[in-house]
Structure formats: C-alpha cells, structure tokens
Trainee: 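Please find one structure pasted underneath; my questions will follow.
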There are 2 protein chains.
Amino acid sequence: MLSFPLLRHAVNVPQPTSTPPVTGARTSDPDASTVERLLQAAAHAFADKGFHATTTRDIASGAGLSPAGVYVHFGSKEELLFALSRSGHESALRLLRAAISDGSTPGEQLVAAMARFTEWHVEQYQVARVVQYEHHHLTPEHHAEVLALRKEMDSLVRDVLDRGVADGTFSVDDSADTALALLSIVVDVARWYSPTIRRTPTEIGATNAALALRLVGAGH
Amino acid sequence: MLSFPLLRHAVNVPQPTSTPPVTGARTSDPDASTVERLLQAAAHAFADKGFHATTTRDIASGAGLSPAGVYVHFGSKEELLFALSRSGHESALRLLRAAISDGSTPGEQLVAAMARFTEWHVEQYQVARVVQYEHHHLTPEHHAEVLALRKEMDSLVRDVLDRGVADGTFSVDDSADTALALLSIVVDVARWYSPTIRRTPTEIGATNAALALRLVGAGH
DNA sequence: CCTACCGATCGGTAGG
DNA sequence: CCTACCGATCGGTAGG
C-alpha cells in the first residue's frame, strides 16, 4: 500500500542524508522511493497540464530519471495514471470513513466528513485533481475499478444524510440530490484551489462544513 | 456575434434542403455555417477528450472538412479553443444577467440565476465543460480575457447575495464563500452530467435553485 | 477548401 | 536504470 497520497506523514519521517543533490527539472522529493517519486511527478504534471498534455519525459525528468525510466516501473503511461488514481481514491475513501466514524451523531459526522474531505482536496490538490478530473482517460477496465470506489464515496455521504433525516436532525428534500451538491462543493475545490490562495485548509474545511449544515437544514 | 452556443434557437430555424448528405465522421449540424460546424465539432471533441487529446483532424472531420480545413478559418488549434471559450463565456454571462434582471427580489433573482445557469450547463454541457475546464490551455493573453468574464460572473452572484442580506431575506456568513459554493454546485454539473441521465434540465435546475435558497438561509 | 507534405515530438522498445 | 532508436502521429504550411 502506497503511503504517497498522505505526504504530510511521510514528510515528518527522519530523512537520510546520503542522497545526491537534486539537479535539473526534478520536482519530487529526492528521498522518496523511485516509484513514489514517479507518482509525485505524475500527480504534479497531470494536475497541471492534464493526462494527454503530459509526456512520459516530463514525468521521468520530474522524478530524476532518463526518458525511459518510467518503463522500468510502469508498463505504460496509462498504468501510471491508474496507480495514481487508484491510490488517490483509496486515500480519499479511507479519510471519509475515518471522519464519519469519528462522529457520534449525523451532524458531527457530516461536519467531520465535509471538513476533512475538503482539507484533503486543498492539501493534496494535485492528487485530488487527478482523482476528480483525469479518471476518464483510464482503460475501461481500470475506469470501472475506480468508479466502484467513487460510488462508495457517494454512498457514505448519502448514508449520513439518511441517518440525520431518520433521527430528525436533518431536513432534506432528496438525499441523493443533496449528497451530490455536498460532494460538488468539495470536489470543486480541486478546480478552483491554487497554492497562491491565502486561506488555510482548516479555514476552507470549516467553511464547507458550515455550508453543509445549512444545506441539510441544520444550520442554526 | 455567434449564435452557436444557443443551439436550441438555431435548431428551430427553417432548414434549407440543398445541403449534400452527411458522410463519414461528421458530428455537427450540416446546415450550419462552416465556422459554426467547426465550433460545434470542437466543443464535442474538447468536452469528450480534452484540448490536448483532440487532434485538429478530429475537429476537421467532425465538421466535414479535410485535415487542413481548420486552418482556413482559424490560425491555430488554440485560436479555435479561444473562439469557443470566449463565445461560451459570453453566452453564460448574458444568461446570468438576463435571469437576474427577471427577478424583482433577491430571492427571485437567486432562484432564476441558479435554475437557468444550471439548465445551461445541462443543455450545453459540452460547451460548459470547455468553458469550465479547458480555459487553462489558452495563451496568457487569451486566458486573461476569459478570466475577466469569469470574475464578472462571480460578481453578479455575490451582488445578489449582498442585496438579499441587505434587505433581510438572506442570512449568510460570508457572501464570497457562499457565492463560490453556489457556483460550485452549478459548475460541477458540467463534470457529472451525461446525456444518459434521465432527469430533465428543468428538474436539475429546480433542484439547484431550492438548494441555493437553503444555503442562503431562505429555504422555508 | 483540398492534396501533399514536413519537422517535431511522442509513447514505447532493444539491448545492454 | 540508461543510451539510442523506431514507427506513428500531430500541428501546421506550401501551393494550388
């Protein structure tokens, strides 16, 4: 299991100092494993230019490798996208599940899910962009695998809404429509966010959590 | 001024019958002008595969032209994207302004803006996808021109919110954050919508308008 | 608006 | 994991 999408943790690990200095266009952490560097460089490039506009040479040089270096670790450019997309979806799903299990009421669960999922979209906005906007470029088989994970995210949110309606804390017209709108607010962060924006992940997460409570009629 | 982004109107115009039958991969209305057919074919292809994955040959054949036919009307692939993106932004802006001027109260204006802008994203989802997700591929000069139009859309929505707060019908914590969330709900339609979805544009528009009222504390 | 074409680039492979 | 390379494709142009 790749730890890559949760770089916040990896960054706090003690750093070996035996690595040669970074040269050229390398954009990824020189202390990470080669596969992790490739995934990081791919996330960077795919988020910035999109899958098709990114060349395997961009990714290779971003990871500090020769043009053919990608093919030592991945069979094709699409397989690299798949590895990145799948691990990104799995991280997001774990995060959502953890946030929901932290809350003891539907209101707390909704707030935790919106805040933490939003924070992830900000902190991992390059991975999030690939997760949300590049999965169409996968092969049909790989796409199907990722779509199953996406449906699971949707269900998790809808289930929180249904529990809140059942216990009377939420009031929504249609839980599927409302879940989609909640996810729209979060997913769209990956579109508009840029590192030049001053607001912190926590602030953006708190804003989206408050908006979510309004949307389910529990905003006061 | 191109009428292209409002095809609903063009389709109701009487059709001349002197046009030769459609052959090959043509995807656009054979009765439209060549420039309009190129813009239609480009919207189709850019929305489906993205700017970089689309070849000028895809667009040319979609419009019923030879591979070099694009360059009779546009200097480059990017100029074609710019023409499409600009006319799409202008249509969207006109639509938003018209919807807002139709309402006499902030509540009516918000409902009209959300419903009609959402309907546009559904009915013109290919143009909307290009408008919302492909503008990064423009040259810096063209990008700046389009960003000005995007800021104007944002201001229109924020102004409705501010008027509703001023007259006491809305209650929002921060009008900029709330305007962004409202636009997220609309823009995200271009991501998730597909023609296989059964709900009509009117239904989706009404749903988003109702969600918007909840978000501004006027949902009951 | 088309045919024919060019230079550049790209994904991927051979063979160390 | 690299050097060297190949076949295919692409954006764009010449010259009708």
Trainee: Report yes or no: does B:Arg129 contribute a side-chain atom to a donor-acceptor pair with the main-chain N or O of B:Phe46 at less than 3.5 Å?
Mentor: no
Trainee: Taking protein heavy atoms under 4.0 Å as touching, what does nucleotides 5-16 of chain D look like 5' to 3' if B marks base contact, S marks sugar-phosphate-only contact and - marks none?
Mentor: B----SBBB---
Trainee: I'd like to know if the side chain of A:Thr54 reaches the main chain of A:Ala45, judged simply by a donor and an acceptor atom lying under 3.5 Å from each other, with no hydrogens or angles considered.
Mentor: yes
Trainee: Dot-bracket, DNA chain D: Watson-Crick or G-U, under 3.5 angstrom, [ ] crossing, | other strand?
Mentor: ||||||||||||||||
Trainee: Does A:Lys49 use its side chain to pair, donor to acceptor, with the backbone of A:His44 at less than 3.5 Å?
Mentor: no
Trainee: Please state whether the rings of A:His137 and A:Phe51 are parallel, tilted or perpendicular, taking 30° and 60° as the class boundaries.
Mentor: parallel
Trainee: Ring-plane angle category for B:His142 and B:Phe82, please: parallel below 30°, perpendicular beyond 60°, tilted otherwise.
Mentor: parallel
Trainee: On the 0 to 90° scale, with breaks at 30° and 60°, tag the A:Tyr133-B:Tyr133 ring pair as parallel, tilted or perpendicular.
Mentor: tilted
Trainee: Taking the six-membered ring for Trp and the single ring otherwise, decide whether the centroids of A:His121 and A:Phe117 are under 6.0 Å apart.
Mentor: yes
